[in-house]
Student: 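Dumping the structure here so I can ask a few things about it.
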Amino acid sequence: MRKLRAFFWTCLVGWVFASCAPKQADVVTFGICTDVHLPTMHDSEYRIRTFIDSMKATQPDFIIELGDFIIPKEQYAGYFATWNSFEGEKYHVIGNHEMDGGTSREAALAYRNMRSSYYSFEKNGFHFIVLDGNDKKNPDVKGYQQFIGPEQLAWLKSDLENTKHPVIVFSHQGLNLYPGVEENYGVENYREIQSILEKHNADHPKQKVIACFNGHTHWDVADQVNGIYYITLTSMAYHWLGDDYVHVRYSDEVDKNFKWIKYTAPFKEPLWAVVEISSEGYIKIKGRESEWVGPSPWELGYPEQFKQYMRPAISDRYLKF
């Protein structure tokens, strides 16, 4: 009987101490890259392989690319196989260039085994939402889109309402607005989306939206708007300059076979980041730094007002929430 009592009190004391112990923080890590533009660059095999080799060594909880990755053509199948060689969880975002060459959004999704262009998943106590900024405002509009339509917004509200965890959002086009040289970057109805996120945070402070990650602009910038971080990651490969800043960066042979490179300012080494988010209240971004191949945009006369956003690097950041 004494042994039974001793066992009971030992279990009770252990349960009390376990119950009183501070809760261990939820932590999630992921590898992230964007705007890889595999069909554009002559050294794309090196760039994507270097990223995947690094992720195999780092072993984050998952990897994700934020769009403008590849179109479904046989000549690029090897690149896609390299991406899929990462054995852990991996996710895609649909960018505007996923539909190049007459590719439909449905074909782009099928190539990636995606059931929908917007979806959510959970990992280590965090809720992740992937949005698609390629909706049409009306059926007749042509060209690249920067819009999130009513059906997707209704889904977003429902998904937010049902989550029990803090939220991170991924998209290709940004959910904030930045002025560009020829166009503004960010989904056209960005304020509507920000309002949805902000209302959710007011109603559900324990499941608040912490940050939104995007690509598309090929910029390196982080802003905080009404308590939510909007983090833009630059391309793995280059910054687009356009017709007024053409410069042959590599050999004539490369220029002949990869005609779009001369419209860009390429990065010598591929860029990506590893992100760590903790329920203790921080986002830690470990980026990479490279250098321009050939003259910088500023040496070619690119507007210096964009210097604050454009550099051959993804910045290290420590952001508190």
Side-chain angles (χ1 to χ4, degrees), residues 30-56 60 62-119 121 130-135 143-146 170-174 213-218 232-240 249-250 254 257-267 269-273 288 290 293 314:
F30 53 90
I32 186 169
C33 64
T34 187
D35 296 87
V36 181
H37 289 283
L38 289 167
T40 302
M41 298 298 294
H42 68 297
D43 57 357
S44 286
E45 192 277 334
Y46 165 75
R47 292 176 186 268
I48 192 63
R49 176 171 46 80
T50 303
F51 170 70
I52 292 298
D53 285 349
S54 178
M55 293 302 101
K56 289 177 179 178
F62 64 88
I63 63 173
I64 187 166
E65 58 87 12
L66 299 184
D68 286 2
F69 184 67
I70 201 169
I71 57 177
K73 284 192 173 183
E74 184 62 32
Q75 67 197 89
Y76 307 128
Y79 300 153
F80 198 63
T82 299
W83 170 269
N84 284 331
S85 70
F86 180 78
E87 294 182 352
E89 295 178 30
K90 40 196 173 286
Y91 298 95
H92 294 281
V93 177
I94 297 299
N96 55 298
H97 285 287
E98 258 63 67
M99 280 74 76
D100 282 351
T103 304
S104 67
R105 184 157 50 178
E106 291 71 26
L109 291 173
Y111 193 67
R112 292 159 176 76
N113 294 316
M114 295 169 64
R115 288 179 293 179
S116 173
S117 60
Y118 52 91
Y119 59 96
F121 62 95
V130 173
L131 296 178
D132 175 11
N134 299 289
D135 287 343
Y144 295 131
Q145 308 302 311
Q146 294 191 133
F170 297 120
S171 61
H172 180 65
Q173 299 89 341
F213 288 83
N214 71 273
H216 190 54
T217 67
H218 298 214
T232 301
L233 302 180
T234 196
S235 164
M236 179 183 280
Y238 61 78
H239 187 86
W240 180 264
R249 305 281 178 158
Y250 300 99
V254 168
N257 294 317
F258 295 86
K259 63 180 182 179
W260 298 114
I261 296 178
K262 61 176 170 287
Y263 298 93
T264 76
F267 311 138
E269 293 295 325
L271 301 180
W272 66 81
R288 280 169 57 90
S290 185
V293 175
I314 294 177

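Below, all heavy atoms of this structure are taken into account, side chains as well, without hydrogens, waters or symmetry copies. We're numbering straight along the sequence, starting at 1.
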Student: More than 12 foreign heavy atoms under 6.0 Å from CD of Gln75: is that the case here?
Tutor: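 Check passes, neighbour count above 12.
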
Student: His92 and ring pair (Phe, Tyr, Trp, His ring centres under 6.0 Å): which partner among Tyr119, Phe80, Phe121?
Tutor: Phe80

Student: State the CZ-CG distance between Phe170 and Leu233, to the nearest 0.5 angstrom.
Tutor: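 The distance works out to 9.5 Å.
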
Student: Can you measure from OG1 (Thr50) to CD (Glu45) and round to the nearest 0.5 angstrom?
Tutor: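 Going from the OG1 atom of Thr50 to the CD atom of Glu45 covers 8.0 Å.
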
Student: Quick one: which of Asp35, Thr34, Thr234 gives a side-chain hydrogen bond (donor to acceptor under 3.5 Å, both in side chains) with His218?
Tutor: Asp35

Student: Does this structure show an ion pair linking Arg49 with Asp43, if we count only N-O contacts that are shorter than 4.0 Å?
Tutor: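 No, Arg49 and Asp43 are not salt-bridged.
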
Student: Which of these passes side-chain hydrogen bond (donor to acceptor under 3.5 Å, both in side chains) with Gln173: Asn134, Asn96, Asp132, Thr217?
Tutor: Asn134

Student: Donor-acceptor pair, distance only, cut-off 3.5 Å: does the side chain of Glu98 make one with the backbone of Phe69?
Tutor: yes

Student: Counting N and O atoms only, with roles assigned by atom type, does the side chain of His216 sit under 3.5 Å from a partner on the main chain of His172, one being a donor and the other an acceptor?
Tutor: no

Student: One pair to check against side chain to side chain donor-acceptor pair (under 3.5 Å): Lys56 and Ser85. What are the steps and the verdict?
Tutor: CA-CA 9 Å; Lys56 289 177 179 178; Ser85 70; 3.2 Å; yes

Student: Calculate, to the nearest 0.5 Å, the distance between atoms CG and CE belonging to Leu109 and Met114 respectively.
Tutor: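 Answer for the CG-CE pair, Leu109 versus Met114, is 5.5 Å.
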
Student: Taking all atoms of both residues into account, what is the closest heavy-atom pair of Ala107 and Pro72, and its distance?
Tutor: O-CG, 4.3 Å

Student: Would you say that Asp135 contacts Gln145 through its side chain, given a criterion of any heavy-atom pair below 4.5 Å between the two side chains?
Tutor: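 No; the side chains remain at least 4.5 Å from each other.
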
Student: Is there a side-chain contact between Thr103 and Tyr111, using heavy atoms and a 4.5 Å cut-off?
Tutor: no

Student: Pick one: which of Ile63, Ile32, Ile64 meets side-chain contact (heavy atoms from CB on, under 4.5 Å) with Tyr91?
Tutor: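 That would be Ile64.
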
Student: Applying ring pair (Phe, Tyr, Trp, His ring centres under 6.0 Å) between Tyr263 and each of Trp240, Phe258, Tyr238, report the one that passes.
Tutor: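 Output: one option passes, namely Trp240.
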
Student: Can you name the closest pair of heavy atoms from Leu66 and Asn214 and give their distance?
Tutor: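 Nearest heavy atoms, Leu66 then Asn214: CD1-C, 3.6 Å.
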
Student: If you round to the nearest 0.5 Å, how far is NE2 of His42 from OG1 of Thr40?
Tutor: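 Between atom OG1 of Thr40 and atom NE2 of His42 there are 12.5 Å.
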
Student: When you compare the side chain of Phe213 with that of Phe30, does any pair of heavy atoms fall below 4.5 Å?
Tutor: yes

Student: Could you tell me the separation between the CD1 atom of Ile71 and the CG atom of Asp100, rounded to the nearest 0.5 Å?
Tutor: 6.0 Å

Student: Is Met236 close to Leu38 at the side-chain level, that is, under 4.5 Å between some pair of heavy atoms?
Tutor: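 The answer is no, as the side chains (C-beta and beyond) never meet within the 4.5 Å cut-off.
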
Student: Closest heavy-atom contact between Tyr118 and Leu131?
Tutor: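 Answer, listing the atom of Tyr118 first, then Leu131: CB-CA, 4.2 Å.
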
Student: Minimum heavy-atom separation for Phe267 and Ser235, please, with both atom names.
Tutor: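 In terms of heavy atoms, the two residues are closest at CE1-O, 3.2 Å.
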
Student: Quick check for you: to the nearest 0.5 Å, what is the distance between Asp68 atom CG and Cys33 atom SG?
Tutor: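 Reported to 0.5 Å precision, the distance equals 11.5 Å.
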
Student: May I ask you to decide if Met99's main-chain N or O and Arg105's side chain share a donor-acceptor pair within less than 3.5 Å?
Tutor: no

Student: Search all heavy atoms of Met55 against all heavy atoms of Pro60 and return the closest pair with its distance.
Tutor: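 Of all heavy-atom pairs spanning Met55 and Pro60, the closest is O-CD, 3.5 Å.
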
Student: I need the minimum non-hydrogen distance between Met41 and Ser44, along with the two atoms involved.
Tutor: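 Residues Met41 and Ser44, closest heavy atoms: O-OG, 3.2 Å.
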
Student: For the backbone of Thr264 and the side chain of Arg249, can you confirm whether one donor and one acceptor N or O come within less than 3.5 Å of each other?
Tutor: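 It does hold such a pair.
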
Student: Contact between Trp83 and Glu65 at the side-chain level, heavy atoms closer than 4.5 Å - yes or no?
Tutor: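 A side-chain contact exists here, since the closest heavy-atom pair is under 4.5 Å.
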
